[in-house]
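Below is one structure, written out as structure tokens, with a few remarks after it.
So you know, we letter chains A, B, ... as the sequences are listed, proteins then strands, and number each from 1.
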2 protein chains.
Amino acid sequence: MSRTHTTSLEKSLALLRGIVADGGRTPFNEIAAGLDLPLSTAYRLASQLVDAGFASRYGPNLYGPGLAATLLYSQSDASAHITRVARPLLKQLSQETGLTSHLGILESGMVTYKIRIPGRPPRAASFTREGMQLEAYCSALGKVLLAGLQDADLDDYLHEGAFVPLTPHTLIEPASLKQEILKTRQTGFAIDDREVSEDMICLAVPVAGPLGETVAAVSVSMLVGRGQNTDPMGFHPFLETCARTLGELLGAPRDAAQEADQRS
Amino acid sequence: MSRTHTTSLEKSLALLRGIVADGGRTPFNEIAAGLDLPLSTAYRLASQLVDAGFASRYGPNLYGPGLAATLLYSQSDASAHITRVARPLLKQLSQETGLTSHLGILESGMVTYKIRIPGRPPRAASFTREGMQLEAYCSALGKVLLAGLQDADLDDYLHEGAFVPLTPHTLIEPASLKQEILKTRQTGFAIDDREVSEDMICLAVPVAGPLGETVAAVSVSMLVGRGQNTDPMGFHPFLETCARTLGELLGAPRDAAQEADQRS
DNA sequence: CGTTTTCTCCCGTATCCTGAGAACTCCCAT
DNA sequence: ATGGGAGTTCTCAGGATACGGGAGAAAACG
């Protein structure tokens with residue numbers, strides 16, 4: 001637990017993280033205590049962070065994000081970064097499974113499809129395009145992403161939405177949707193069984209970010225004809241491996257399995 | 001020039017700045033060279049930044065912003081920070097001058113009034129409110145903020161706009177607007193002489209941010225009756241002092257006077 | 001005005017950072 | 001294949017420099 005052999009830069013950056021984490025609400029002495037930093041050291045480091053513009057003094061016992069760093073990072077786009085890292089992995093996933101794979105992120109209540117890798121053989125009538133947006137409630141990707149929300153945000157979504165059925169299988173009851181999403185949190189995957197299109201089944205799992213939170217989701221889609229009852233769970237290990245690898249590349253903590261940790 | 005006595009954290013943060021500065025376009029060896037860092041040292045520091053999630057490896061000789069830090073800082077709002085720091089200064093400014101003072105920032109082509117401190121005596125019919133948005137081309141604040149744009153962005157603005165005259169004095173010709181803005185860049189201030197309202201004159205100056213760029217503008221407004229010809233330039237020193245102090249609090253470089261440095 | 005909390009400064013010590021160079025890995029041109 | 005060059009990591013010894021306990025300003029508090 002106590003990582004004794006921590007270098008000075010590590011300490012400073014951990015401190016910075018603590019300072020910026022919630023916009024400067026955590027008292028400084030708590031942050032320092034949480035990192036086992038002697039106060040005198042913590043102050044010295046903090047004042048250097050301030051000098052460099054990465055942090056800022058908000059008040060007594062209070063630091064917050066610095067303007068320089070805010071401006072600096074405001075130009076960089078998280079989803080672009082994820083997309084860039086993810087694309088080769090999804091290509092491999094489609095290679096292995098022969099299925100169409102997607103990566104999606106949640107943007108203001110809608111799923112944005114950032115990556116789409118066609119399966120083999122490339123089925124003609126696949127309707128997704130990169131960059132397109134789709135309602136979240138009906139797709140496997142969407143359900144996984146919704147499962148990653150905080151409880152409060154999730155309830156907001158469920159209460160405000162007008163859920164239109166795309167197929168006879170689409171879930172449109174807020175109650176059963178919530179049920180489904182809670183189940184997703186436990187199992188770590190979601191299935192779309194012809195809920196968005198009559199001939200399509202999808203399986204999706206979350207991708208963990210640096211703090212273990214869900215930053216994206218990946219899925220595989222299979223077309224189903226009449227009668228043939230293919231089970232998507234056979235592909236789950238491939239999908240899971242892909243998502244975990246991606247998460248690690250994005251800096252997710254080691255143990256961030258398919259858990260969804262929900263705070264108040 | 002060569003700051004020999006630089007601490008390790010300073011070096012690391014300077015390196016990080018260089019890495020994040022333009023989304024990972026600058027080759028790593030150039031950054032290191034620019035900071036007089038031995039390559040071996042630079043690599044060591046960079047890999048620590050990557051481990052901490054503040055930077056990310058984009059490719060050979062290429063680093064970029066890290067996802068963890070991007071997510072971290074994406075929650076913090078630059079304009080809120082500026083507003084918080086600026087408010088007491090504007091209060092003092094209004095005290096000293098007896099005029100109504102404003103702080104505004106540019107948001108997608110419009111000026112957002114973030115702070116409004118009423119003058120003395122509090123004139124009744126002042127039409128600005130905190131949080132309100134106004135077209136940029138007709139106010140002193142707007143002209144200063146436009147003057148802070150890159151040339152390309154400025155031209156975009158001038159070409160796309162439909163400039164509606166609010167008073168007979170409003171400039172609506174793109175050419176004369178550009179003229180006015182170029183003059184503003186040189187002089188370091190802008191005047192709105194009854195261009196937005198028949199009975200109001202404003203004087204505005206830019207506020208410099210951490211890189212010397214314009215991040216906001218402050219102004220004082222005076223009501224003019226018929227005949228009385230008050231010269232707003234008498235208040236310029238007060239305004240200038242306020243803007244400079246604010247800039248320093250925001251981490252502006254010492255020498256960022258009223259210069260507007262324009263890059264290609 | 002006394003008391004508590006926050007914060008800075010000092011200073012000897014040991015730590016850990018430094019940076020040249022060797023070594024390794026790719027990648028490309030020959 | 002072979003050599004060369006750029007990119008990257010590793011090693012290591014010496015010394016700068018970061019560390020952190022503690023004293024005591026300096027604020028906030030009551």
Discussion item. If you compare every side-chain N and O of K11(A) against the phosphate oxygens of dA18(D) (OP1, OP2), does one of them come in below 4.0 Å?
Written reply: no
Response to the item:
DNA chain D nearest-nucleotide lookup for T41(A) and F28(B): closer to the 5′ end is F28(B)
Item to complete: Could you check how far CG of L13(B) sits from P of dC17(C), rounded to whole Å?
Response: 14 Å
Fill in: Length of the OH-P vector between Y43(B) and dC10(D), whole Å
13 Å
Practice prompt. Using a cut-off of strictly less than 4.0 Å, decide whether N29(B) has a side-chain nitrogen or oxygen near OP1 or OP2 of dG7(D).
Written response: yes
Worksheet entry | Whole angstrom value for the distance that separates P of dT9(D) from CG of D51(B) | 11 Å
Practice prompt. Return no unless some side-chain N or O of R44(B) is found under 4.0 Å from OP1 or OP2 of dC17(C).
Written response: no
Fill in: Atom-to-atom span, CG of L15(B) to P of dT18(C) - whole angstrom
11 Å
Practice prompt. For E30(B) and dA6(D), give me the distance from atom CD to atom P, rounded to whole Å.
Written response: 15 Å
Practice prompt. Name all pairs fulfilling the salt bridge (charged side-chain N to carboxylate O under 4.0 Å, His left out) condition that reach into residues 38-65 of chain A, sequence neighbours left out, sorted by first residue then second.
Written response: none
Discussion item. Judged by each residue's nearest nucleotide on DNA chain C, which is more toward the 5′ side, Q48(B) or L39(B)?
Written reply: Q48(B)
Worksheet, complete the sentence: By nearest-nucleotide position on DNA chain C, the 5'-leaning member of L37(B) and L62(A) is L62(A)
Item to complete: May I ask you to test the I105(A)-V215(A) pair for a side-chain heavy-atom distance under 4.5 Å?
Response: no
Worksheet item: How does protein reach along nucleotides 22-30 of chain D, written 5' to 3' as B (base within reach of a heavy atom under 4.0 Å), S (only sugar-phosphate), or - (no contact)?
Response: B--------
Practice prompt. Please report how far the helix from dC1(C)-dG30(D) to dT30(C)-dA1(D) bends, comparing the axis fitted to its first five pairs with the axis fitted to its last five, to the nearest 10 degrees.
Written response: 60°
Worksheet item: Within the pair R57(A) and dC7(C), is there a side-chain N or O less than 4.0 Å away from OP1 or OP2?
Response: yes
Discussion item. Do P232(B) and F189(B) have side chains that approach each other closer than 4.5 Å (heavy atoms only, starting at C-beta)?
Written reply: no
Worksheet entry | Plane angle bin for F28(A) and Y43(A) - parallel if under 30°, tilted between 30 and 60°, otherwise perpendicular | tilted
Worksheet item: With P27(A), which residues qualify under side-chain contact (heavy atoms from CB on, under 4.5 Å), at least two apart?
Response: N29(A), E30(A), N61(A)
Worksheet item: Is there side-chain contact between L106(B) and L149(B), with at least one heavy-atom pair below 4.5 Å?
Response: yes
Worksheet item: To the nearest Å, how far apart are D36(B) CG and dA20(C) P?
Response: 12 Å
Worksheet, complete the sentence: Ranking dT8(D), dC19(D), dT18(C) by distance to the side chain of L45(B), first place goes to dT18(C)
Worksheet item: Pairs in or reaching into residues 75-98 of chain A: which pass ring pair (Phe, Tyr, Trp, His ring centres under 6.0 Å), with residues at least two apart or in two chains?
Response: H81(A)-Y58(B)
Worksheet entry | Test side-chain hydrogen bond (donor to acceptor under 3.5 Å, both in side chains) applied to Q48(A) and S12(A), step by step | CA-CA 9 Å; Q48(A) 289 187 68; S12(A) 308; over 6 Å; no
Worksheet entry | Minimum side-chain heavy-atom gap V144(B)-V207(B) below 4.5 Å | no
Worksheet item: Taking only residues at least two apart or on different chains, which pairs with a member in residues 81-100 of chain A satisfy salt bridge (charged side-chain N to carboxylate O under 4.0 Å, His left out)?
Response: R87(A)-E130(A)
Discussion item. Expressed as a whole number of angstroms, how long is the span from L9(B):CG to dC17(C):P?
Written reply: 10 Å
